[in-house]
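Here is the structure we will look at.
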Amino acid sequence: MDDKKFAGLPFEQVVRKYSDTVGKVCLMRLRNWADAEDCFQNVFATLYKKSPCFESEEHLKAWLIRVSINECVSFLRRHKPLLPLKDAVNTAVFENHDSLDISWALFELDEKYRSVLYLYYYERYKIDEIAQILGKNSSTVKTLLRRGKEKLKKIYGSDVK
Amino acid sequence: MRKVNFNSLKNLQIPDAWTKKAIAISGNNEGPKKTPFVISRKVLSLVACLVVVCLVSSIPLIFKINNDILPVSTENSENISVTVSREDDNNPAKTEKEHKEKPTKEDTENHVVIEKTEPSELVEETNTPSINSSVDAKPEESKTPTQKPSETVPEEPDATEPVEDFGPSGDNVINPDSPEDSSDTPKPGDCVVGFSPSFLVGDGKIYCRIYDKDDNILGNQNLFSDEHRASFYSGFGSVYYYIYSPSKVGLNLEPGKYRYVFYNEHTVPICNVTVVVE
C-alpha cells in the first residue's frame with residue numbers, strides 16, 4: 001500500500017473518517033443505495049488517483065463533498081433514473097415518518113434544495129462555505145436555503161420550527 | 001412550535017463493505033470506474049469536415065507544386081519555352097528543316113526559344129522541352145547566349161496534319177494553313193511558347209504581357225486588349241501550350257531580357273517565360 005498522505009492523514013484513515021459524509025451526500029443526491037455506492041467508490045478512487053494537496057482537513061472534507069456532488073451529477077447524466085421520483089422516495093432510505101424527524105422529507109425536495117439543506121443543517125456548514133463547495137454565489141445559497149425551508153414547512157405544516 | 005431534526009439521517013449507517021472496498025483501492029490502484037469512450041456525432045462530423053477541407057485545399061497546392069516544377073520563369077532561370085518536337089521523325093521533309101537539340105533546360109543561363117513552330121508540331125513535350133533549330137536560321141533570331149544556339153526556321157505548314165482540337169475559343173486556334181503564319185519571318189522574341197495545366201486556362205482566353213528587365217510593361221497597358229491576345233492549344237496530358245508573337249502587334253524587341261507572362265481572362269498568371277533577345 002502506498003504511503004500517500006492527504007492533509008497529513010493516510011488514505012485508510014481518510015476513508016474511515018469521511019465515508020459517512022461522502023456516503024450521505026451521495027445518498028442525498030441519488031436517493032438510491034446502489035447508485036450511491038458506485039459514486040462513493042469513485043470519489044475515493046479519484047482522491048487516491050489525483051492525490052491533490054490539501055491545506056487542512058476542512059479543505060479535504062470540502063473537496064470530498066464537492067467531488068461527491070460532481071460524481072452524482074455525472075452519474076445522473078449518464079444514467080437515466082430507473083424509478084420515477086415518487087417510487088424512489090417510497091422505496092428509498094427512510095420509512096420513519098416521525099413528525100419531528102424530517103430526514104426523509106429532504107428526499108422529497110428538489111436536489112438543489114437538498115444539498116444546501118443537508119450541508120447547512122446536517123454538516124453545519126456556513127453559507128459562504130456551502131457556496132464555495134457548490135460553486136455558487138452566496139446569495140444564491142441563501143435563496144435556496146430559504147426556499148428549501150419553506151418547502152419543508154409545507155410538508156410538515158407551519159407549526160414546525 | 002415543534003423542533004425538527006435529522007435524527008434518521010444522522011443514524012443512517014454507511015455499510016462497512018463500502019468502506020473496505022474504498023480502502024482496498026489503495027492496494028489495487030484502481031482508478032475510478034471508467035465510462036466507455038463515446039465519440040459524439042458532433043465530434044465525428046467536425047473531424048470529417050476538417051479532413052475534407054484539408055483534402056480540398058491541398059489539391060490546388062499539388063497542382064501549384066507540379067506547375068512550379070515545370071519550367072516557369074524566374075529570373076535567372078531555366079525558362080523554357082517549349083516546343084515541339086515532332087512525333088513523327090520519319091518524314092524526311094521535315095527532318096531536313098529541323099532537328100531536335102538538347103533542351104535549354106540544361107542551360108542555367110538565359111535562353112530563349114522558339115520560333116515559329118506550328119501547333120500541330122507541338123506535341124507531347126512536357127518535360128523535355130526542345131528547341132527546333134535549323135541550319136538556315138537567321139542570326140537575328142533569338143539565341144541562347146551559350147554555345148548552343150537555338151534557332152528555328154519558319155516552316156511550311158503541313159496540310160496533311162490536321163490541327164488539333166483546341167480549347168473553348170476557336171478564334172485562338174492556330175491554323176496551319178493560315179497564310180500569315182507561313183509567310184512571316186519570325187522576329188526576335190516571336191513565337192514564345194509557354195505551357196501549364198489546362199485547368200488554369202479557364203474560359204479559353206489567354207493574354208500575354210511582356211515585361212522588360214525593369215519590369216516595365218511593353219505595349220498596351222490594358223492586358224485585355226487584342227494586342228496582348230495569345231494563342232493556345234491543347235497538348236498531351238491536359239497541358240495547354242500558349243504562343244505569343246509580339247512582332248505581329250507591332251512590338252519589336254530590342255536585344256535584352258524580357259519576361260513573357262501569360263494570363264487567363266481572370267488576370268491569373270498561368271505561365272512565365274523568360275526570353276533573351278540577342
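Numbers restart at 1 for each chain; the letters A, B, ... are given by sequence-line order, proteins then strands. As the structure is a prediction and not an experimental result, all values here were calculated from the model.
Atom CD1 of Ile25(B) and atom OG1 of Thr46(A) lie 8.5 Å apart (nearest 0.5 Å). Put simply, CD on Glu12(A) and NZ on Lys20(B) are 11.0 Å apart, with the number rounded to the nearest 0.5 Å. Interatomic distance, Ser19(A) OG to Lys21(B) NZ, rounded to the nearest 0.5 Å: 14.5 Å. Taking OH of Tyr48(A) as the start and CD1 of Ile23(B) as the end, the distance is 12.5 Å to the nearest 0.5 Å. Atoms CG and CD1, on Leu27(A) and Ile14(B) in that order, are 5.5 Å from each other to the nearest 0.5 Å.
Residue Glu123(A) qualifies as enclosed at atom CD: its count of foreign heavy atoms under 6.0 Å is above 12. Annotation for Tyr125(A): atom OH counts as buried by contact number, over 12 foreign heavy atoms lying within 6.0 Å. Residue-environment remark: CD (Glu150(A)) exceeds the threshold of 12 foreign heavy atoms within 6.0 Å.
A tilted orientation is assigned to the rings of Trp18(B) and Phe40(A), their planes being inclined by 30° to 60°.
Taking 4.5 Å as the limit, some side-chain heavy atom of Trp33(A) sits within range of a side-chain heavy atom of Pro15(B).
In this structure, the side chain of Gln41(A) engages the main chain of Ala22(B) through a donor-acceptor pair within 3.5 Å.
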